[in-house]
Amino acid sequence: QVQLVESGGGLVQAGGSLTLSCAASGRAFSGYAMAWFRQAPGKEREFVGRISGIIGSTGYADSVKGRFTISRDNAKNTVYLQMNSLKPGDTAIYYCAARGGIGVWTTPADYDYWGQGTQVTVSS
């Protein structure tokens, strides 16, 4: 069982930056694949980016590629989402997700564990 707690959301002006954190409890964090999703009002939850366990390979949605960076600190059981050059279209609730195994997963149904989400609002 893994419990996830996101933090770091807030209000930022367009062009600004924010860093989200996701702290995980439980054992063997380094073996879990982690991902960030977001959900804007009236829209479906969408993939933002992912990072694999152990090796830490990453992948991103086209909409955030080059602006967002995912990293993880296995010693701290934490994954981060660094968001730069934020746009009003990035406004959403951001969720951290986790699953075991080795592979590439980009849909919400692929992930077993979820945080409660943190609100990111980008003003124009």
Side-chain angles (χ1 to χ4, degrees):
Q1 190 76 11
V2 177
Q3 293 183 328
L4 305 173
V5 179
E6 301 96 335
S7 61
L11 174 64
V12 64
Q13 289 188 333
S17 298
L18 276 177
T19 299
L20 305 183
S21 299
C22 173
S25 65
R27 300 165 61 182
F29 170 77
S30 62
Y32 281 89
M34 305 295 294
W36 288 94
F37 289 81
R38 66 186 182 186
Q39 189 166 17
K43 295 188 177 181
E44 294 187 352
R45 192 168 297 190
E46 65 171 358
F47 171 75
V48 173
R50 59 166 188 84
I51 185 166
S52 67
I54 307 299
I55 297 175
S57 60
T58 57
Y60 300 92
D62 288 343
S63 59
V64 306
K65 200 172 293 182
R67 300 189 298 123
F68 290 12
T69 302
I70 293 178
S71 61
R72 65 191 298 161
D73 185 337
N74 289 332
K76 296 182 178 180
N77 280 17
T78 301
V79 64
Y80 304 96
L81 180 66
Q82 172 69 44
M83 304 184 293
N84 298 326
S85 302
L86 282 161
K87 306 174 182 179
D90 295 318
T91 295
I93 299 174
Y94 283 71
Y95 297 91
C96 175
R99 65 159 292 156
I102 299 173
V104 176
W105 300 284
T106 60
T107 67
D110 292 326
Y111 289 83
D112 300 313
Y113 306 102
W114 292 85
Q116 82 289 349
T118 186
Q119 177 71 48
V120 172
T121 303
V122 184
S123 63
S124 57

Open item on the list: side chain to side chain contact (heavy atoms under 4.5 Å, CB included) for Gln1 and Tyr113? Distances and angles first, verdict last.
Closed with: CA-CA 8 Å; Gln1 190 76 11; Tyr113 306 102; 3.9 Å; yes
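By the side-chain contact (heavy atoms from CB on, under 4.5 Å) test, Ser85 is found to be paired with Arg67, residues two or more places apart in sequence or in another chain being considered. Remark: Arg38 engages Glu46, Asp90 in a salt bridge (Lys or Arg N to Asp or Glu O under 4.0 Å) (not counting sequence neighbours). Partners of Lys65 according to the salt bridge (Lys or Arg N to Asp or Glu O under 4.0 Å) rule, which considers only residues two or more places apart in sequence or in another chain, are Asp62. Residues forming a side-chain hydrogen bond (donor to acceptor under 3.5 Å, both in side chains) with Thr121 (at least two apart in sequence, or on another chain): Gln119. Legend: residues meeting side-chain hydrogen bond (donor to acceptor under 3.5 Å, both in side chains) with Asp73, ordered by chain and number and at least two apart, are absent.
Annotation: Gln116, atom CD; neighbour count of heavy atoms from other residues, nucleotides and ligands within 6.0 Å is above 12.
Summarising the geometry, atom CE belonging to Met34 is positioned 9.5 Å from atom CG belonging to Asn74; distances are rounded to the nearest 0.5 Å. Atoms CD and CG, on Gln3 and Asn77 in that order, are 12.5 Å from each other to the nearest 0.5 Å.
For residues 81-102, the set of pairs meeting the ring-ring contact (aromatic ring centres under 6.0 Å, His included) definition, not counting sequence neighbours, is empty. Here disulfide (SG to SG under 2.5 Å) pairs that include residues 30-93, with residues two or more places apart or in two chains, number zero. Within the structure, ring-ring contact (aromatic ring centres under 6.0 Å, His included) contacts touching residues 30-67 (residues at least two apart or in different chains) are Phe37-Phe47, Phe37-Tyr111, Phe37-Trp114.
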Please tabulate, for the side chains in residues 9-23, all donor-acceptor contacts under 3.5 angstrom to protein atoms that are two or more places apart in sequence or on a different chain.
unit_1: Ser17; atom_1: OG; unit_2: Asn84; atom_2: OD1; d: 2.9
unit_1: Thr19; atom_1: OG1; unit_2: Gln82; atom_2: OE1; d: 2.4

Would you be so kind as to tabulate the donor-acceptor pairs closer than 3.5 Å made by side chains of residues 96-108, with sequence neighbours excluded?
unit_1: Arg99; atom_1: NH1; unit_2: Asp110; atom_2: O; d: 2.9
unit_1: Thr107; atom_1: OG1; unit_2: Asp110; atom_2: OD1; d: 3.4
unit_1: Thr107; atom_1: OG1; unit_2: Asp110; atom_2: OD2; d: 2.7

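Hydrophobic clustering (ILVMFWY, side-chain heavy atoms < 4.5 Å, transitive): Tyr80 and Val2 are in distinct clusters.
Between the Arg50 side chain and the Ile70 main chain, no donor and acceptor come within less than 3.5 Å of each other. Ser52 places a side-chain N or O within 3.5 Å of a backbone atom of Ser57 that can act as its donor or acceptor partner.
For Thr91 against Val122, the heavy-atom pair with the smallest separation is OG1-N, 2.9 Å.
The side-chain heavy atoms of Glu6 and Leu4, taken from C-beta on, include no pair separated by under 4.5 Å.
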